[in-house]
Amino acid sequence: MVKTRIAPSPTGYPHVGTAYIGIFSYVWARKNGGKFIVRIEDTDQNRYVEGAEEGILRALKWLGLDYDEGPDVGGPNGPYRQSERLELYRHYAQELLDKGLAYRAFETPEELAAIREELQKKGLGYGYDGRARKIPREEAEARAAAGEPHVIRLKTPETGVTVVHDVLRGNIEFDNREIPDAVLLKSDGFPTYHLAVVVDDHLMEVSDVIRGEDWLVSTPIQKLLYQAFGWDEPKWYHLPLLRAPGGAKLSKRTGHTSIDYYRKAGYLPDALRNYLATMGFSMPDGREIFTMEEMIAAFSWDRVSLGGPVFDEEKLRWMNGKYIREVLNLEEVCERLKPFLEAAGLSWESDVYLCKVAEAMRPRFETLAEFVEKARYFFTEDYPFEPKAEKELKKGFEILRELKEVLAELPDLAPERTEPALVGYAEAKELKLRKVMQPLRAAITGTLATPGMYEMLEILGKERVLARIERALAHAEKLEGNA
RNA sequence: GGCCCCUUCGACUAGCGGUUAGGUCACCGCCCUUUCAAGGCGGCGGCACGGGUUCGAGUCCCGUAGGGGUCACCA
């Protein structure tokens with residue numbers, strides 16, 4: 001059975017890179033009718049951030065990456081938090097010690113730094129020379145028993161090569177002299193990534209390891225560990241890292257990396273998920289808008305490209321807009337809008353009203369937050385006038401006064417009545433339509449970028465429109481006074 | 001710097017020996033139009049470079065360059 005996993009560290013906010021890898025892991029598991037699991041890699045006590053795990057799990061669910069096993073849902077191979085599996089790692093480290101495939105090393109951090117510097121000077125690209133291998137076994141055990149702080153390191157072959165087969169890249173050769181005697185168990189008794197990931201992936205029966213390219217060069221260490229234990233290694237897939245505009249790895253400094261940022265900015269989970277999927281994967285027919293199910297159906301590793309994709313928020317915006325105006329239905333859009341209006345302290349008289357506004361605004365906003373910004377005047381009488389709108393108010397002051405009378409005479413502001421009325425007025429006065437529309441638009445919205453006039457008049461209703469014109473007229477007079 | 005990976009328009013990508021190198025975002029223009037969008041139509045723009053292999057190379061091989069990653073008791 002194909003079993004994939006995502007293994008985030010609870011060291012901060014949920015990262016888009018985690019979601020990116022998560023999507024591919026999820027899709028591959030689903031494609032094969034397998035399982036997708038989440039494991040929390042919290043073996044670094046120093047970097048642990050309170051609440052980070054919850055944030056990450058919430059973000060994964062928000063994106064629709066539901067997992068079959070995980071810290072909060074359990075599963076047959078738990079616990080799914082590495083900090084709760086320490087005994088396991090100690091056991092397996094001991095096994096390697098017993099087999100003579102690992103050894104205890106007693107260098108202090110300062111000594112290690114000195115060794116590293118020395119090696120660097122010689123032009124060697126790694127940090128430890130394996131000197132503690134020379135300590136006789138009995139002596140090492142005695143020192144350990146006496147409580148001397150130490151780590152356990154993997155005994156790595158000194159000659160030959162280790163060949164890693166990456167499904168996406170083929171065979172990759174590593175000279176064994178380049179593979180360091182990696183620390184497996186730290187002096188605090190916690191495992192390092194290498195030990196923990198191998199033990200857990202084996203015990204949890206992970207068959208396919210899909211992860212970021214930054215893990216590629218540490219794969220030989222893990223492969224050697226599988227060999228030391230006598231276990232079958234999983235299939236390896238290293239996906240390219242998401243890049244920031246300019247080319248560097250996406251980071252806090254170079255762009256928005258928190259999934260929470262995108263949620264709060266009003267991106268739809270489906271749009272983000274869809275966009276992330278296009279970072280490397282493409283549909284056979286070239287479609288860029290597709291559901292998770294469609295991706296699963298069409299997925300194949302030879303449709304995954306290996307160049308590091310630049311994360312372009314501009315295109316994400318476009319895609320989000322596409323979802324708002326074409327993928328979701330109107331009711332869904334209205335529902336999504338509600339929390340954003342509430343957060344802005346705005347209220348709506350009814351769902352029907354909200355939906356009418358949403359319909360009118362639909363082609364005019366790309367994020368939910370943008371809707372609140374641009375449609376504010378539909379939800380409050382206390383909307384501001386932009387400078388450009390004030391100019392229109394002044395220019396069209398007389399027209400506005402007359403327009404108010406024209407509209408006041410109509411029984412209601414249905415398009416069948418407002419259109420002939422406004423067009424008729426313009427013709428009678430021999431005015432271009434826009435000369436009439438712009439002051440009106442400025443008056444009832446405070447801005448010049450709005451939905452169609454007839455649509456707006458109907459939504460707002462006669463009473464509010466007349467009151468708004470009145471208020472705008474007063475506002476314009478005040479402007480004249482100041483000028 | 002050593003090692004490893006990667007390389008098609010500004011960005012995301014299609015291409016899997018024979019294509020006028022296609023699509024999407026962005027940008028520009030036109031159409032529509034009461035504003036702003038959306039939409040439609042059109043345009044700009046690319047195979048990093050140099051060697052091979054081949055009748056033929058964006059596609060295969062080698063080198064160079066560039067970019068990225070990694071060299072922790074972090075993951």
Side-chain angles (χ1 to χ4, degrees), chain A residues 7-9 11 41-44 46-47 82 105 107-109 112-113 116 119-120 122-128 149-153 164 166 168-169 172-175 177-180 182-188 190-194 196-197 212-220 238 240-241 243 245-249 275 278-289 302-303 305-312 314-319 321 325-326 361-366 374 388 392 419 422-423 426 432-438 440-442 445 447-454:
Chain A
S9 286
T11 55
E41 313 238 318
D42 55 347
T43 56
D44 186 348
N46 301 317
R47 293 211 305 160
Q82 291 186 328
E107 288 84 8
T108 63
L112 285 174
R116 203 172 303 132
L119 291 171
Q120 291 285 355
K122 285 193 211 160
L124 297 170
Y126 51 91
Y128 186 66
H150 66 283
V151 300
I152 295 176
R153 286 181 183 270
V164 169
D166 179 278
L168 303 177
R169 299 155 205 267
I172 302 165
E173 274 191 22
F174 294 89
D175 189 319
R177 285 170 302 188
E178 297 281 340
I179 305 172
V183 171
L184 302 178
L185 209 61
K186 303 183 243 183
S187 57
D188 63 2
F190 277 63
T192 59
Y193 174 81
H194 304 297
V197 79
E213 193 181 0
D214 47 349
W215 292 110
L216 188 55
V217 295
S218 72
T219 308
H238 292 90
L241 262 19
R243 308 282 187 86
K249 174 160 89 166
Y275 179 67
T278 64
M279 303 271 86
F281 172 76
S282 62
M283 288 295 258
D285 62 4
R287 244 181 326 155
E288 290 194 296
I289 306 294
D302 55 25
R303 297 213 59 81
S305 58
L306 299 179
V310 173
F311 189 99
D312 179 12
E314 195 66 44
K315 186 156 184 180
L316 204 212
R317 271 189 87 83
W318 165 79
M319 193 172 276
R325 73 185 97 91
E326 290 178 24
M361 288 297 296
R362 223 159 21 157
R364 297 178 173 80
F365 65 100
E366 294 186 307
K374 291 189 169 171
K388 278 183 182 171
E392 288 294 340
E419 178 163 7
L422 292 177
V423 171
K432 286 222 175 188
L433 231 207
R434 63 172 297 149
K435 289 279 182 198
V436 176
M437 292 295 202
Q438 290 299 70
L440 216 209
R441 190 185 313 281
T445 69
T447 170
L448 297 180
T450 77
M453 181 59 73
Y454 310 125

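Please read all numbers here as calculations on a predicted model, not as lab measurements. Chain A is the first sequence line, chain B the second, and so forth, proteins listed ahead of strands; every chain is numbered from 1.
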Check whether [X] reaches the backbone of [Y] with its side chain - one donor and one acceptor, N or O, closer than 3.5 Å.
X	Y	result
A/Thr192	A/Val183	yes
A/Arg169	A/Leu306	no
A/Ser9	A/Glu41	yes
A/Asp166	A/Leu216	no
A/Arg303	A/Ser282	yes
A/Thr447	A/Ala449	yes

Looking at the side chain of [X], which of [options] is the nearest nucleotide?
X	options	answer
A/Lys249	B/G69, B/A72, B/G67	B/G69
A/Leu241	B/U35, B/G69, B/A72	B/G69
A/Glu314	B/C5, B/A26, B/C4	B/A26
A/Val217	B/G69, B/G2, B/C12	B/G69
A/Arg441	B/U35, B/C73, B/U13	B/U35

Show the numbers, then the answer: is there a side-chain contact (heavy atoms from CB on, under 4.5 Å) between A/Ile289 and A/Met319?
CA-CA 8 Å; A/Ile289 306 294; A/Met319 193 172 276; 3.7 Å; yes
Spacing of the [atom1] atoms in [M] and [N] (rounded, Å):
N	M	atom1	result
B/G42	B/C16	P	25 Å
B/U59	B/G18	C1'	11 Å
B/G46	B/A11	P	12 Å
B/G1	B/G15	P	35 Å
B/A21	B/G43	P	15 Å

Counting only side-chain nitrogens and oxygens, does [X] get under 4.0 Å of the OP1 or OP2 atom of [N]?
X	N	result
A/Arg303	B/G15	yes
A/Ser9	B/C74	no
A/Ser305	B/U13	yes
A/Arg317	B/C25	no
A/Arg287	B/C12	no
A/Arg243	B/G67	no

Between [N] and [X], counting only base atoms on the nucleotide and side-chain atoms on the residue, is there a donor-acceptor pair under 3.5 Å?
X	N	result
A/Arg434	B/U35	no
A/Thr192	B/C73	no
A/Arg364	B/C36	yes

Could you tell me whether [X] contacts a base, only the sugar-phosphate backbone, or nothing, with contacts defined as non-hydrogen atoms closer than 4.0 Å?
X	value
A/Thr43	sugar-phosphate
A/Leu112	base
A/Pro451	base
A/Arg362	nothing
A/Gly280	sugar-phosphate
A/Tyr454	base
A/Thr450	base
A/Leu448	base
A/Glu213	base
A/Arg325	sugar-phosphate
A/Pro191	sugar-phosphate
A/Val310	sugar-phosphate
A/Met361	nothing
A/Ser187	base

For [N], give the paired nucleotide (Watson-Crick: N1-N3 plus N6-O4 or O6-N4; G-U: N1-O2 and O6-N3; both under 3.5 Å), or none.
N	value
B/U64	B/A48
B/C32	none
B/U70	B/G2
B/U59	none

Both A/Gly308 and A/Phe365 contact RNA chain B. Taking the nearest nucleotide for each, which residue is further toward the 5' end?
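The residue closer to the strand's 5' end, by nearest nucleotide, is A/Gly308.
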Ring-plane angle category for A/Trp215 and A/Tyr193, please: parallel below 30°, perpendicular beyond 60°, tilted otherwise.
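Plane angle under 30°, so parallel.
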Collect all protein-nucleotide pairs involving nucleotides 20-24 of chain B in which both atoms are nitrogen or oxygen and the distance is under 3.5 Å.
residue : atom : partner  : partner atom : Å
B/U24   : O4'  : A/Glu288 : OE1          : 3.2
B/U24   : O2'  : A/Glu288 : OE1          : 2.3
B/U24   : O2   : A/Lys315 : NZ           : 2.7

Shortest non-hydrogen contact between [X] and [Y], atoms and distance:
X	Y	value
A/Asp312	A/Tyr275	N-OH, 2.8 Å
A/Phe190	A/Asp42	CE2-O, 4.4 Å
A/Lys186	A/Asp44	NZ-CA, 4.0 Å

